[in-house]
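Everything below concerns the one structure shown next.
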Number of protein chains: 2
Amino acid sequence: MADDDLVFKALADPTRRFLLDRLFVRDGRTLTELESELDMTRFGVMKHLRVLEEAGLVAARKSGREKLHFLNPVPIRLIHDRWIDKYTERRVSALTELKSELEERK
Amino acid sequence: MADDDLVFKALADPTRRFLLDRLFVRDGRTLTELESELDMTRFGVMKHLRVLEEAGLVAARKSGREKLHFLNPVPIRLIHDRWIDKYTERRVSALTELKSELEERK
DNA sequence: ACTATAGGTGACTAAAAGGTCACATGTCAA
DNA sequence: TTGACATGTGACCTTTTAGTCACCTATAGT
């Protein structure tokens, strides 16, 4: 399997994106902590975390009997760079900033 | 299905990413033109283009009996903004630039 | 030492996605 | 107006993926 394929496949699932969202707010969380926020068994969450880890989106470190999970933003940036060149970046980010401003006013 | 789900699902397939790559180089291509670059029947390619279109990653316009396809980078930028905040962006993009520089020297 | 707690493996089922085909419509150009 | 070309639809099969469960190992703390 190609290197980037793991990243995109990992991002394809809404549960995994939710996990990244939680780690974006604060990382260093354990499996059990993440599981408690999801309507799913521990095994399901464990599988998802493994997929994220193999994709390099999450880095994990064992600490005693716990396993701590951290978000790695680098693969996300590489996605960006693949289809947005430096010249259009200014234009596009201006657009998305406008979009989020408009949505805040709702 | 959630709005962003369509985008991530669309990006999960390597054939669809290849299509985006081709449109990134030059867009306004027809189905037949894109098909000729892939080892797949026209129907497969058509399905993929439809998925990309529904995700908003590709915009299409009919011109006579042809259908022209264009790349829309906005959803890509939104992915970036979801997990990379303004403060870490400088640091991360510095890292990815370093990475691509190193790879060019190979 | 014992017990509760945190995490891990492999097999299994159900749902979703990728790809092809027979068939069909609309458009160009001689 | 006839034939070739570009695109479209629905059914179908196969492969992949999400989620659960029975069972297992390791650490913490009393």
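All values derive from a computational prediction rather than experimental measurement. The figures that follow rest on heavy atoms only: side chains count, while hydrogens, waters and symmetry mates do not.
Between A/Thr41 and D/dT20, a side-chain N or O to OP1/OP2 separation shorter than 4.0 Å is present. OP1 or OP2 of C/dG19 sits under 4.0 Å from a side-chain N or O of B/His48. Between A/Thr32 and C/dG7 there is a side-chain polar atom (N or O) within less than 4.0 angstrom of OP1 or OP2.
Atom CG of A/Asp39 is separated from atom P of D/dT20 by 8 Å (rounded to the nearest Å). If you measure from atom CG of B/Leu52 to atom C1' of C/dG18, you get 14 Å, rounded to the nearest angstrom. Protein atom CZ of A/Phe8 is 19 Å distant from nucleotide atom C1' of D/dT17, rounded to whole Å. The nearest whole Å value for the distance from the CG atom in B/Leu31 to the P atom in D/dG8 is 7 Å. Rounding to whole angstrom units, CG of residue A/Leu49 and P of D/dA18 are separated by 13 Å. With rounding to whole Å, B/Arg42 atom CZ is found 12 Å from C/dT25 atom C1'. Rounded to whole angstrom, the span from the CE atom of A/Met46 across to the C1' atom of D/dG19 amounts to 12 Å. When rounded to the nearest whole Å, the span between CZ of B/Phe43 and C1' of D/dC12 equals 14 Å.
Contact record, A/Phe8 with A/Arg82: CE1-NH1, 3.8 Å, taken as the closest heavy-atom pair. Between B/Leu71 and B/Asp27, the shortest heavy-atom contact is N-OD2, 3.2 Å.
Under a 4.0 Å N-O distance rule, the pair A/Arg77/A/Glu89 qualifies as a salt bridge.
In this structure, the side chain of B/Ser63 does not engage the main chain of B/Glu66 through any donor-acceptor pair within 3.5 Å. Distance alone, capped at 3.5 Å, is enough to place a donor-acceptor pair between the B/Arg17 side chain and the B/Leu11 backbone.
Checking C/dA17, D/dT17, D/dA6 against the side-chain heavy atoms of A/Lys9 singles out D/dT17 as nearest. Candidate nucleotides C/dG19, D/dG19, D/dT17 were compared by shortest atom distance to the side chain of B/Asp13, and C/dG19 ranks first. The side chain of B/Lys67 sits closest to D/dT7 out of D/dT7, C/dG7, D/dT20.
B/Gly64 comes within 4.0 angstrom of sugar-phosphate atoms only, judged by non-hydrogen atoms across all strands, and of no base. Among the atoms of the strands shown, only primed sugar atoms or phosphate atoms (P, OP1, OP2) are found under 4.0 Å from some heavy atom of A/Met40.
With DNA chain D read from its 5' end, the first of the two nearest nucleotides for A/Val51 and B/Lys62 is the one closest to B/Lys62.
Between the side chain of A/Lys47 and the base of D/dG19 there is at least one donor-acceptor pair of N/O atoms closer than 3.5 Å. Interface remark: the A/Arg65 side chain does form a donor-acceptor pair with the C/dT5 base, using a distance-only criterion of under 3.5 Å.
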